[in-house]
Trainee: 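Dropping a structure here in structure tokens format, bear with me for questions.
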Amino acid sequence: MSHAASMGPVTLVRHGRIGLLCIDHPPVNALSVATVAGLDAKVAAFEADPALDGLLIWCAGRTFVAGGDIAQFDAPGFDAAPYNRILARIEASERLVVAALHGTALGGGLELALACHYRLALPGARVGLPEIRLGLLPGALGSQRLPRACGAALALDLMLSGRMLDAEAALRAGIVDALATGEPLAAGLNYLEDLLDRRAPPRRLSALPASTAGLPADFFSQALLRARQEQARYPAAAAIVRAVEAAATRPFAEGEALEAALLASCVVSPESRALRHLFLAERQAARVPGVPAGLLPRVLHTAGVVGAGTMGRRIAMSLADAGMPVTLVEASGAALAKGLASVRARYEADAAAGRLRPEQVARRMGLIAGTLDYEALAGCELVIEAVVEDMALKQQVCGRLGRLCKPGAIIATNTSTLDVEVLAEASGRPADFAGLHFRNPANGGRLIEVVRGSATAPDVLVTAMQLARRLGKVAVVCGVCFGFIGNRMAEAYLRESEFLLMEGVSPVRLDAVMEACGMAMGPCRMLDVAGIDVSAKIVLEYGKAGGLPPDPAYRAVVRTLFRLGRLGCKSGAGLYRYPGGAAVADPEAERICRALGRAHGIARRTDISDAEIAERLLYPLVNEAAKLLEEGVASRPGDIDMVWTAGYGYPDYLGGPVWQADSIGLARIVAGLERYARLRGNPYDYWDVSPLLATLARGGQRLSDWVAPRPEAGAAPIPSAPGSAARPAGQGRIHPGPKPPQSVH
Ligand code: 3HC
């Protein structure tokens, strides 16, 4: 090798007749302003060096360019045009330019490769244009060059789904031209030398037609219709169809202009901003405040689960799905047999639907060892208790695990609401203890709340985060309080849902309004699906712990339905009826709700607007989010948005409750909370505005931008999460304490 032309994220070195252009911008070689400037300079240096016969573009580190720098799309004057001009120069070169792909060549990275004359892929390389997941269409002519490489139909499918193709599939599709083994530099060099020896001509995709062979005449109009109907909340979908249609039917320059115009409108769309916020929030959530970077996780090869009920068996499945051996312990043979049979039935249903191969079913079943013998857990490095939500029982189980698990093993509770500090104490090993709240269904849901007790060791948190990643889930660390982030906020949401039901709003209308707001499922369906009993037991259990407001009407609907045996879908009736499985309106449920309203002195109203329903459910959610931040239970606003979009069906195109609150305006939300306090009365503090929310609203600031105050100088490097012991009175509870009644409902 000769000298590097200069240092920076992009370098050019001469190797005989070949220029080696390397992009080295960890972690994923994203196209920052500096990278694009470096690319511009090094392409110019290649153009100016007549001694070079060809150029190899390759990347250092774990991957080829993984796309445009997502953090920089919001920079003032963001413009893809300068990058596109560099790509045009690369493609126009009379001397061969080749890209060697490894890792993930995505978005602007694949677009760079498509501007090259030939592409080589290494084993494990994957390619894709996932911009739609960020509410964008490819903006560096991917929408124009990809259809010319692999045909319009596959290109459209890849862009609308955002899915990746592996190297072999990319070769078959014509997206890459050759496969090779080895390192990108050496393999790329060999490939380019070979092309030069064979005098291969530059192959420019922009000069080729995009194949539409075999497609019906109305292919694009139908695709546009589907995009507008099925992906109506994602405007990038329709933009992609239009851009690919242009690639297939119009000259390259016209497609280029259309792509640029469509990108300009997508970049500033609220949907794209929200999705980009969530992309960054997800990565941010992986950084646990107070845990030193580089701290190693504990060794984790085998896991145990206590309880083969709905949660326990699904957690076992999630672990087995990730290839981890699991010991599943139950107290009775019948319960164990039922749990294992349910696991098998689910895997077999997946196989019948073509989602699993029979050998995968056998392998996963083989990883789950059911037993009645607690001692079998002694060798596990992690044991998750998932017995029913009963404090006394869970304390007993945690104590037993603390005695029998081997030193260094992590003990976790899957409780959704109970006090993790109490359970950590019961285990006798609070440093080894954490909450791992899997959202139901534990094997399909994306979210795990990692609950950090005041004594939880930092490496336990690191291990939990790594486990979540291995299971393909998003983990958010939070402190201890009733319901953590998700269920604590859900409690405020469900409380108001029930008051609306008691004021005479029907479950069908309530759900319709919230689904129109984008929620995946309205609150009444959510209660029925999760089980009225589950919700009622949480309320009853929290009542026993003294956490409920002294309000006889509080969650009266679930408590009554539970008493009546109306448990939701599982019993055939809850807030709906389920003849034949499908939810239908149930006049009896409405009658029960109205009767409860009368019994609790709640006036029936016929003037409740859809806007009032939405505000009364969403504003308390935001208020509770602000309280969680104030109390330090949630570390960052983005963590709350991750919890609600990954685990509670909140629409991602709205960015989560905090992000949406900023779109609505905090002042408007505070005014709304105050208005409903006057309208509904506020004897139990339900409408008390979070001081943080009030302050930010007064200052015209955004809640999403709020940063937790740094710990005082001299504070412990690993700050304790707010636990029950250290928690000021009233914090982390649904109700901070009795207050003289001011008015009735
Ligand atoms: N821009 C900026 N940072 C990025 C990035 C991007 N496009 N892609 C990944 N990163 C960062 C992450 O923020 C993270 O940073 P951190 O370590 O400081 O938290 C780091 O790279 C590693 O990311 P992951 O934790 O996600 O690592 P994985 O190994 O799990 O996944 C990946 C790697 C598959 C590349 C995944 O990060 C990914 O899917 N990235 C997004 C790819 C993408 O959407 N590209 C298109 C961008 S839009 C575009 O190119 C527009 C163009 O058409 C003009």
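Just so you know, ligand 1 is whichever comes first in the structure, and atom 1 is the first atom listed for that ligand. In this chain, residues are counted from 1 in sequence order.
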Trainee: Would you indicate which of Gly68, Ala286, Pro27 comes nearest to atom 20 (C) of ligand 1 when only heavy atoms are counted?
Mentor: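 Nearest option to atom 20 (C) of ligand 1, by heavy atoms: Pro27.
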Trainee: Measure the spacing between CD1 of Ile57 and CZ of Arg119 and express it to the nearest 0.5 Å.
Mentor: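 Rounded to the nearest 0.5 Å, the CD1-CZ separation comes out at 11.0 Å.
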Trainee: Within the 4.0 Å heavy-atom shell around Pro138, which atoms of ligand 1 are there?
Mentor: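 This gives 53 (O) as the contact atoms.
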Trainee: Can you tell me which residue and heavy atom of the protein come closest to atom 2 (C) of ligand 1, and the distance to 0.1 Å?
Mentor: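 Atom 2 (C) of ligand 1 sits closest to the protein heavy atom Asp69 OD1, 3.3 Å.
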Trainee: Could you tell me the residue and atom name of the protein heavy atom closest to atom 36 (C) of ligand 1, and the distance to it rounded to 0.1 Å?
Mentor: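 So the nearest neighbour among protein heavy atoms is Arg283 NH2, 4.0 Å.
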Trainee: When you measure from atom 53 (O) of ligand 1 to every protein heavy atom, which one gives the shortest distance, and what is it?
Mentor: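 Result: Glu131 OE2, 2.6 Å.
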Trainee: Does an N or O anywhere in Ala71 fall below 3.5 Å from an N or O of ligand 1?
Mentor: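 It does not: no N or O of Ala71 is found under 3.5 Å from an N or O of ligand 1.
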Trainee: Run the salt-bridge test on Arg233 and Glu271 with the 4.0 Å N-O cut-off and return the result as yes or no.
Mentor: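 No salt bridge links Arg233 with Glu271.
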Trainee: Only heavy atoms of Phe279, strictly under 4.0 Å: list the atoms of ligand 1 that pass.
Mentor: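 Once the distances to Phe279 are compared, the set is 8 (N), 9 (C), 40 (N), 41 (C).
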Trainee: Hey, does Gly108 come in under 3.5 Å of ligand 1, counting only N/O atoms on both sides?
Mentor: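 For ligand 1, there is an N or O atom that lies under 3.5 Å from one belonging to Gly108.
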Trainee: Please identify which atoms of ligand 1 are closer than 4.0 Å to at least one heavy atom of Thr104.
Mentor: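 This gives 35 (C) as the contact atoms.
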Trainee: Among all protein heavy atoms, pick out the one at the shortest distance from atom 5 (C) of ligand 1; state its residue, atom name and that distance to 0.1 Å.
Mentor: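 It is Val28 CG2, 3.7 Å.
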Trainee: Which atoms from ligand 1 have a heavy atom of Glu111 less than 4.0 Å away?
Mentor: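 Counting from 1, the qualifying ligand atoms are 52 (C), 53 (O), 54 (C).
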Trainee: My understanding is that only one of Arg145, Arg203, His117, Arg204 makes a side chain to side chain donor-acceptor pair (under 3.5 Å) with Glu91; could you say which?
Mentor: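 Looking at Arg145, Arg203, His117, Arg204, the match for Glu91 under the side chain to side chain donor-acceptor pair (under 3.5 Å) is Arg145.
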Trainee: So that I can tick it off, tell me whether Arg298 and Asp459 are bridged by a salt bridge, with the cut-off set at under 4.0 angstrom between side-chain N and carboxylate O.
Mentor: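 So Asp459 pairs with Arg298 through a salt bridge.
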Trainee: Is Arg85 positioned over the aromatic face of Tyr83, cation under 6.0 angstrom from the ring centre and no more than 45 degrees off axis?
Mentor: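 Ring-cation test returns no.
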Trainee: Is any side-chain heavy atom of Arg446 closer than 4.5 Å to a side-chain heavy atom of Lys473?
Mentor: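 No, side chains not in contact.
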Trainee: Determine the interplanar angle of the Tyr234 and Tyr653 rings, folded into 0 to 90°, and report it as parallel if under 30°, tilted if 30 to 60°, perpendicular if over 60°.
Mentor: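 If you compare the ring of Tyr234 with that of Tyr653, the planes turn out perpendicular.
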Trainee: List the closest protein heavy-atom neighbour of atom 27 (O) of ligand 1: residue, atom name, distance to the nearest 0.1 Å.
Mentor: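 Atom 27 (O) of ligand 1 sits closest to the protein heavy atom Arg62 NH2, 2.9 Å.
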Trainee: Going by the order shown, which atoms of ligand 1 are within less than 4.0 Å of some heavy atom of Gly107?
Mentor: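 Contacts of ligand 1 toward Gly107, numbered from 1: 46 (C), 50 (O).
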Trainee: Identify the protein heavy atom lying closest to atom 45 (N) of ligand 1, giving its residue, its atom name and the separation to 0.1 Å.
Mentor: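 Ranked first by proximity to atom 45 (N) of ligand 1 is Ala66 O, 2.9 Å.
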Trainee: What residue and atom, counting heavy atoms only, is the protein's closest point to atom 17 (O) of ligand 1, and at what distance?
Mentor: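 Answer for atom 17 (O) of ligand 1: Arg287 NH2, 4.2 Å.
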Trainee: Which of the atoms of ligand 1 are close to Ala30, meaning less than 4.0 Å from one of its heavy atoms?
Mentor: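 With Ala30 as reference, the close atoms of ligand 1 come out as 1 (N), 2 (C), 6 (C).
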Trainee: Using a 4.5 Å cut-off on heavy atoms from C-beta on, say whether the side chain of Arg636 contacts that of Arg287.
Mentor: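 Counting from C-beta outward, Arg287 and Arg636 do come under 4.5 Å.
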Trainee: Can you tell me how far SG of Cys266 sits from CZ of Arg273, rounded to the nearest 0.5 angstrom?
Mentor: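 Here the interatomic distance stands at 12.0 Å.
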Trainee: Heavy-atom contacts with Leu134 under 4.0 Å: which atoms of ligand 1 show up? List them by number with element.
Mentor: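 Those of ligand 1 that fall under 4.0 Å from Leu134 are 44 (O), 47 (C), 48 (S).
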Trainee: What atoms in ligand 1 come closer than 4.0 Å to a heavy atom of Pro130?
Mentor: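 Selected atoms, number and element: 43 (C), 44 (O), 45 (N).
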Trainee: For atom 30 (O) of ligand 1, what is the closest protein heavy atom, and at what distance to 0.1 Å?
Mentor: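 Nearest neighbour among protein heavy atoms for atom 30 (O) of ligand 1, to 0.1 Å: Arg469 NH2, 2.7 Å.
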Trainee: Would one find more than 12 heavy atoms of other residues, nucleotides or ligands at under 6.0 Å from atom CD of Glu183?
Mentor: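 No, the 6.0 Å shell around CD holds no more than 12 heavy atoms from other groups.
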Trainee: With a 4.0 Å cut-off on heavy atoms, is Tyr83 touching ligand 1?
Mentor: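 No; Tyr83 lies far enough from ligand 1 that no heavy-atom distance drops under 4.0 Å.
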Trainee: Less than 4.5 Å apart, side chain to side chain, heavy atoms only: is that true for Ile132 and Leu137?
Mentor: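 Of all side-chain heavy-atom pairs linking Leu137 with Ile132, none is under 4.5 Å.
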Trainee: Verify the neighbour count for atom CZ of Arg470: are there more than 12 heavy atoms of other residues, nucleotides or ligands below 6.0 Å?
Mentor: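 Counting other residues, nucleotides and ligands, CZ of Arg470 exceeds 12 neighbours.
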Trainee: Does Tyr648 have Arg439 sitting over its ring (NZ/CZ under 6.0 Å from centre, angle to axis within 45°)?
Mentor: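 Output yes; distance and angle both within limits.
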Trainee: Taking both backbone and side-chain atoms of Gly139, is any N or O found less than 3.5 Å from an N or O belonging to ligand 1?
Mentor: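 Yes; at least one N/O pair falls below 3.5 Å.
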Trainee: Taking 4.0 Å as the limit for heavy-atom contacts, which would you say applies to Phe64 with ligand 1: side chain only, backbone only, both, or neither?
Mentor: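 No part of Phe64 comes within reach of ligand 1.
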